[in-house]
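We name chains A, B, ... by the order of the sequence lines, and we start the count at 1 in each one.
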Amino acid sequence: MPELPEVNAKKNHFDQVALHKKIEKVDLIDTSYILKNMDGPAFAEKLSGRTFTETYRRGKYFFAKMDNGHYVLLHFGMSGHFYYYEDMSGQPKHERFAFVFEEGSRMGFNCPRKLARIHYVEDLEDFIARKNLGEDALKLQEEDFMELTAGRKGTLKGFLLNQKYLAGMGNLYVDEVCWQQHIHPASVTGALTEKQRRALFRNMQDILKKAVSLDAVYADYPDEWLWNHRTKDSQCPRDGTDLQRDKVAGRSTYYCPNCQELIE
DNA sequence: TGTGATGTTGAATG
DNA sequence: GCATTCAACATCAC
């Protein structure tokens, strides 16, 4: 589930249940694939006795700051999720590790597909610079977006998905904004007019803000959006045309062949 | 049973 | 440097 609004919802959850609680230990189940820059026991040792003091989200990257000034980066991949519980009966099936708080509750990190990535980060700025991670899509300024898009070759979808330009957009929100703007996702980014690019940018932020305000609960997303119509054999909520499904920028893409213009 | 899934990365290619 | 395509990562659900 995790694109910007989903990760934001996870942050909200984490802030609510995990901040300011002393970590007694880290329960390691299987961190072999997801923990990237140290092994499980070293990670557990680093975290033991620490307290999370605040959190920071940039795009889909979630950083939990500790009382020693260091961070834990949690990237959820495709299927990562937090589960907070006090009774072991609440332990999720694919928990890879859990922060065990002194009071006895646990913040479990569940990840069936092991595509999540965890790093122990001493220097946040350095980590972001090395990742070449772009500005958060909600913090990006319109003029910077205009500069990033001007004259750019390559598909609009490929651009919006690339986290080094702006961070946070994923497959579903990209389809949504392209659809709302009547623009075919395979359009050439730099071929859009200035007016189109400005409108796209504003609409993108509006969509993200709305999704964040709804805590990424899909059932509450406006029915006028493509979102809940983005399924096999469905129709465009605007004009009833059968939606088309193609691969664009290597990702499964839904769009309306009738009302989304290919600009190139 | 085969296929695809909200993400990222690296290799190969143009 | 830029952009594209493909494969890989590991598991589950349909």
Side-chain angles (χ1 to χ4, degrees), chain A residues 1-11 29-37 57-62 73-82 92-97 109-119 127-128 130-134 136-137 147-179 185-191 204 207-208 210-212 214-221 225-234 243-255 264:
Chain A
M1 308 156 47
E3 303 180 39
L4 189 156
E6 290 78 6
V7 175
N8 201 75
K10 294 178 200 303
K11 177 186 190 300
I29 293 137
D30 176 13
T31 53
S32 56
Y33 249 95
I34 59 176
L35 187 53
K36 301 317 277 187
N37 65 343
R57 182 193 59 68
R58 180 162 171 143
K60 308 168 192 174
Y61 288 71
F62 173 74
L73 158 75
L74 295 146
H75 188 289
F76 300 91
M78 296 267 258
S79 64
H81 196 52
F82 288 134
K93 188 175 174 189
H94 300 284
E95 186 177 270
R96 303 303 173 185
F97 69 89
F109 188 84
N110 195 60
C111 186
R113 292 173 58 191
K114 293 189 182 175
L115 295 175
R117 295 294 176 256
I118 320 293
H119 285 251
F127 178 87
I128 288 168
R130 282 169 191 271
K131 274 277 169 223
N132 201 10
L133 188 60
D136 185 79
E147 223 172 276
L148 285 168
T149 48
R152 183 166 299 282
K153 299 190 174 76
T155 64
L156 179 59
K157 179 148 191 170
F159 167 77
L160 291 171
L161 283 175
N162 192 328
Q163 305 297 302
K164 79 178 175 187
Y165 299 130
L166 64 164
M169 290 293 278
N171 199 30
L172 275 51
Y173 291 94
V174 169
D175 279 5
E176 184 67 40
V177 71
C178 287
W179 178 82
S187 295
V188 175
T189 309
M204 173 187 79
I207 289 167
L208 290 173
K210 180 74 176 171
V212 163
L214 295 172
D215 228 27
V217 175
Y218 299 164
D220 294 340
Y221 283 15
W225 283 15
L226 174 67
W227 198 272
N228 290 317
H229 305 268
R230 191 188 174 284
T231 56
K232 185 158 72 73
D233 301 324
S234 56
L243 291 175
Q244 185 123 350
R245 182 173 160 238
D246 278 340
K247 277 229 184 299
V248 178
R251 305 298 300 281
S252 186
T253 300
Y254 286 84
Y255 64 95
E264 48 191 357

Student: For L133(A) versus A167(A), what's the shortest heavy-atom pair and its separation?
Tutor: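 Closest heavy-atom pair between L133(A) and A167(A): CD1-CB, 3.8 Å.
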Student: Write down the distance between CG (L172(A)) and P (dT6(B)), rounded to a whole number of angstrom.
Tutor: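 Interatomic distance, CG of L172(A) to P of dT6(B): 6 Å.
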Student: I want to check one thing: is the phosphate of dA3(C), taken as OP1 and OP2, less than 4.0 Å away from some side-chain N or O of R152(A)?
Tutor: yes
Student: Just compare dT6(B), dT11(C), dT8(B) and give me whichever is closest to any side-chain atom of K60(A).
Tutor: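 Of the candidates, dT8(B) comes closest.
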Student: Please work out which of the three classes, parallel, tilted or perpendicular, describes the rings of H75(A) and Y61(A), given edges at 30° and 60°.
Tutor: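 Taking H75(A) first and then Y61(A), their aromatic rings stand perpendicular (interplane angle over 60°).
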Student: Measuring from the side chain of Y218(A) (C-beta onward, heavy atoms only), which nucleotide among dT9(B), dC12(C), dT6(B) has the closest atom?
Tutor: dT6(B)
Student: Under 4.0 Å between a side-chain N or O of H94(A) and OP1 or OP2 of dT11(C)?
Tutor: no
Student: Check the distance between dC9(C)'s C1' and F76(A)'s CZ and give it to me in whole angstrom.
Tutor: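 Those two atoms, CZ and C1', are 19 Å apart.
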Student: Can you check whether R251(A) has a side-chain N or O nearer than 4.0 Å to OP1 or OP2 of dC6(C)?
Tutor: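 No, no such contact exists.
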Student: Applying a 4.0 Å non-hydrogen cut-off, can you work out what L115(A) is touching in the nucleic acid: base, sugar-phosphate, or nothing?
Tutor: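 Result for L115(A) = base.
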Student: Can you tell me how far P of dG4(B) sits from CG of D233(A), to the nearest Å?
Tutor: 15 Å
Student: Could you work out the separation of dT1(B) and dC9(C) based on their P atoms and round it to a whole Å?
Tutor: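 23 Å, rounded to whole Å.
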Student: Look at the side-chain N and O atoms of K153(A) and state whether any lies under 4.0 Å from the OP1 or OP2 oxygen of dC2(C).
Tutor: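 Indeed not, no polar side-chain atom of K153(A) lies that close.
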Student: Tell which nucleotide pairs with dT6(B), taking only Watson-Crick or G-U wobble pairs whose two distances are both under 3.5 angstrom.
Tutor: none
Student: With sugar-phosphate meaning primed atoms plus P, OP1 and OP2, does K36(A) contact a base, only sugar-phosphate, or nothing at under 4.0 Å between heavy atoms?
Tutor: nothing
Student: Please say whether more than 12 non-hydrogen atoms of neighbouring residues, nucleotides or ligands are located less than 6.0 Å from NZ in K36(A).
Tutor: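 Enclosed.
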Student: Over all heavy atoms of both residues, which pair between G170(A) and L161(A) is shortest? Give the atoms and the distance, please.
Tutor: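 Looks like C-CD2, 3.4 Å.
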Student: State which of dT6(B), dT9(B), dA5(B) makes the closest approach to the side chain of R230(A).
Tutor: dT6(B)
Student: Using atom CG of L148(A) as one end and atom C1' of dA3(C) as the other, report the distance to the nearest whole Å.
Tutor: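 Going from CG in L148(A) over to C1' in dA3(C) covers 16 Å.
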Student: Find the distance F62(A):CZ to dG7(B):P and express it as a whole number of Å.
Tutor: 18 Å
Student: Can a side chain N or O of S252(A) be found less than 4.0 Å away from OP1 or OP2 on dA5(B)?
Tutor: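 Answer is yes, contact under 4.0 Å.
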Student: Looking at dT8(B), I'd like to know if its phosphate oxygens (OP1 or OP2) sit under 4.0 Å from a side-chain N or O belonging to Q163(A).
Tutor: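 Yes, within the criterion.
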Student: Does OP1 or OP2 of dT8(B) have a side-chain N or O of H75(A) closer than 4.0 Å?
Tutor: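 Yes, within the criterion.
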Student: How many Å lie between CG on L156(A) and P on dC2(C), as a whole number?
Tutor: 18 Å
Student: Taking atom C1' of dT6(B) as reference, at what distance in whole Å does atom CD1 of I207(A) sit?
Tutor: 15 Å
Student: Describe the nucleic acid contact of G154(A) in one word from base, sugar-phosphate, nothing, applying a heavy-atom distance below 4.0 Å.
Tutor: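 Sugar-phosphate contact only.
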Student: Can you tell me how far P of dT6(B) sits from CG of N110(A), to the nearest Å?
Tutor: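 So the two atoms are 19 Å apart, to the nearest Å.
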Student: Identify the residue among K10(A), K60(A), H81(A), R117(A) that makes a side-chain contact (heavy atoms from CB on, under 4.5 Å) with F76(A).
Tutor: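 Testing each of K10(A), K60(A), H81(A), R117(A) against F76(A), the sole residue satisfying side-chain contact (heavy atoms from CB on, under 4.5 Å) is K10(A).
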Student: Quick one: is K114(A) getting a side-chain N or O under 4.0 Å of the dT11(C) phosphate, OP1 or OP2?
Tutor: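 Indeed, a polar side-chain atom of K114(A) lies that close.
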Student: Looking at the rings of W227(A) and Y218(A), which for Trp means the six-membered one, are their centres under 6.0 Å apart?
Tutor: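 Close enough - the centres of the two rings lie under 6.0 Å apart.
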Student: When all nucleic acid strands are considered with a 4.0 Å heavy-atom cut-off, which category describes Y165(A): base, sugar-phosphate, or nothing?
Tutor: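 If one applies the 4.0 Å heavy-atom cut-off, Y165(A) turns out to touch the sugar-phosphate alone, with no base involved.
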Student: Expressed in whole Å, how much space separates the C1' atoms belonging to dT6(B) and dT4(C)?
Tutor: 22 Å
